Amino acid sequence: MTQPRRLDRVLGLELEGIPPYSFDLSVHKPAGWAWISPFEAFSEGTVWTGFNVAERPIGIKAWSTGTVSEPSVRAEVYSDGPLPDREESLVETRLAMCLGLREDVAGFYELAERHDFLRQAKHDLYGMRCTPFPDVFTGAILAVTLQWSALKRSVGMRRSLYLEFGDRISFDGRTVILCPSPRRIASVGVEELRGRCNLGYRASFIRRIAEAIVRGDAPAMDELYAMPPSEARRRLRALKGIGEYSADIISPRMGFPVDVWSARIFARVFGLDASRPVGRLIADTRRVADDLFGEWKGYVFVYVINDLAIREPSLLGMG
DNA sequence: GCGTCCAGGTCTACC
DNA sequence: GGTAGACCTGGACGC
């Protein structure tokens with residue numbers, strides 16, 4: 001195992017948000033989803049994580065300095081050297097995006113008042129944001145490893161990719177493993193990827209997505225963020241191995257990524273016949289989500305699953 | 001112990 | 001444009 005790269009504090013940021021905003025719920029969701037890296041740490045309201053900016057590993061320590069009604073986040077940025085102005089600006093923009101700080105959820109909360117299950121979720125998770133990935137490759141690795149696999153194996157594949165190929169960084173007394181860079185994965189053979197990470201047929205998908213990003217043939221996350229959501233998903237689906245489900249996960253304006261598992265949950269929430277063939281069930285839950293919630297459907301997905309994690313954890317296999 | 005089924009999708013070939 | 005079959009692997013289940 002390689003020694004972690006030591007990073008020093010190079011920048012402090014104070015980020016304002018649109019209320020209501022809950023930092024803790026946004027970066028540390030009740031369903032146990034990590035904010036950015038499965039190897040980040042969260043303790044007493046502070047998160048230590050990181051991502052790559054212009055192929056440079058960046059460490060982030062962040063915590064709330066405000067309230068739900070007057071949100072403010074302090075972020076300390078760590079690097080292996082001073083950041084050029086352009087990279088400082090990139091880090092600040094990306095952090096605000098990943099935190100969902102500038103997302104106005106008033107429209108979603110209005111919608112939530114019209115549905116019992118959402119009114120409850122809004123109450124339980126008030127101020128929580130959907131938090132986009134810092135880059136397309138981080139989202140693609142999650143989406144592809146979730147495909148056609150039981151959760152235990154999905155978790156194992158993703159952790160192996162990080163452990164085998166991700167950068168280890170050490171800062172503020174913590175060590176975090178970052179998402180492997182596309183350039184690193186593009187330099188590894190498909191068979192080696194398959195063997196070291198137990199990826200099966202997914203190895204070629206991940207390798208081809210990495211190559212597309214290195215060539216500049218894939219859209220950047222900030223470009224996707226600026227596009228209409230349907231266009232962003234269309235651009236993502238042009239990548240090999242990214243279908244409707246995966247594009248819904250990766251898109252910065254999250255879609256409604258129903259699969260076999262979540263279709264059964266949402267069939268119950270939406271009052272559909274859960275005994276129908278699973279292919280039909282997935283199509284039906286997608287249609288209902290589109291019709292009732294439009295572009296807020298991603299928030300519906302995240303709020304419902306995380307509210308179940310609080311109220312009915314056994315339904316999610318959480319105990 | 002062994003065989004079968006199926007799982008938190010996507011692509012390709014074929015019609 | 002719609003659909004069947006292939007794709008890796010491993011846990012659960014029946015025998």
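For clarity, every value in this text was computed on a predicted model and none was experimentally measured. A, B, ... follow the sequence lines: proteins, then strands. Residue 1 opens every chain.
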A:Asp85 atom CG: more than 12 heavy-atom contacts under 6.0 Å: no

Taking atom types as they are modelled, would you say the side chain of A:Arg153 forms a donor-acceptor pair with the base of C:dC8 within the 3.5 Å cutoff? yes

Pair partner, B:dA7 [Watson-Crick or wobble, under 3.5 Å]: C:dT9

Walking DNA chain B from its 5' end, the first of A:Ser154 and A:Phe205 to be reached, judged by nearest nucleotide, is A:Ser154

Specify the separation, in whole Å, of atom CG of A:Leu146 and atom P of C:dC7. 23 Å

Measure from the side-chain N and O atoms of A:Ser79 to the backbone N and O of A:Pro82, and report whether any donor-acceptor pair falls under 3.5 Å. no

Residue pair A:Val258/A:Arg208 against DNA chain B: nearer the 5' end by closest nucleotide is A:Val258

Counting the atoms with a prime plus P, OP1 and OP2 as sugar-phosphate, which does A:Arg237 contact under 4.0 Å by heavy atoms, base, sugar-phosphate, or nothing? nothing

Nearest-Å distance, CG (A:Leu199) to P (C:dC7)? 17 Å

Does A:Arg202 get its side chain close enough to the base of C:dC8, under 3.5 Å, for a donor-acceptor pair? yes

Between C:dG10 (C1') and A:Gln147 (CD): distance, integer Å: 18 Å

Counting distance only, does the side-chain N/O of A:Ser251 pair as donor-acceptor with the main-chain N or O of A:Met254 below 3.5 Å? no

Gap in Å between the two P atoms, one belonging to C:dG5 and one to B:dC6, rounded: 15 Å

Just by distance, do the side chain of A:Ser149 and the backbone of A:Leu146 share a donor-acceptor pair under 3.5 Å? no

Between A:Arg129 (side chain) and A:Glu103 (backbone), is there a donor-acceptor pair under 3.5 Å? yes

Check the phosphate of C:dC8 against A:Asn198, side-chain N and O only, distance under 4.0 Å to OP1 or OP2. Yes or no? no

What are the 5'-most and 3'-most nucleotides of DNA chain B lying under 4.0 Å from any heavy atom of chain A? B:dA7 to B:dT12

Quantified in whole Å, what is the P atom distance between nucleotide C:dC8 and nucleotide B:dA13? 15 Å

In this structure, which one of A:Phe42, A:Trp48, A:Trp35 forms a ring pair (Phe, Tyr, Trp, His ring centres under 6.0 Å) with A:His28? A:Phe42

Which part of the nucleic acid, if any, lies within contact of A:Leu142, taking any heavy atom under 4.0 Å across all strands shown: a base, the sugar-phosphate backbone alone, or nothing? nothing

Under a 4.5 Å side-chain heavy-atom rule over Ile, Leu, Val, Met, Phe, Trp and Tyr, are A:Val27 and A:Tyr299 clustered together? no

Please state the P separation for the pair B:dT10 and C:dG11 - nearest whole angstrom. 24 Å

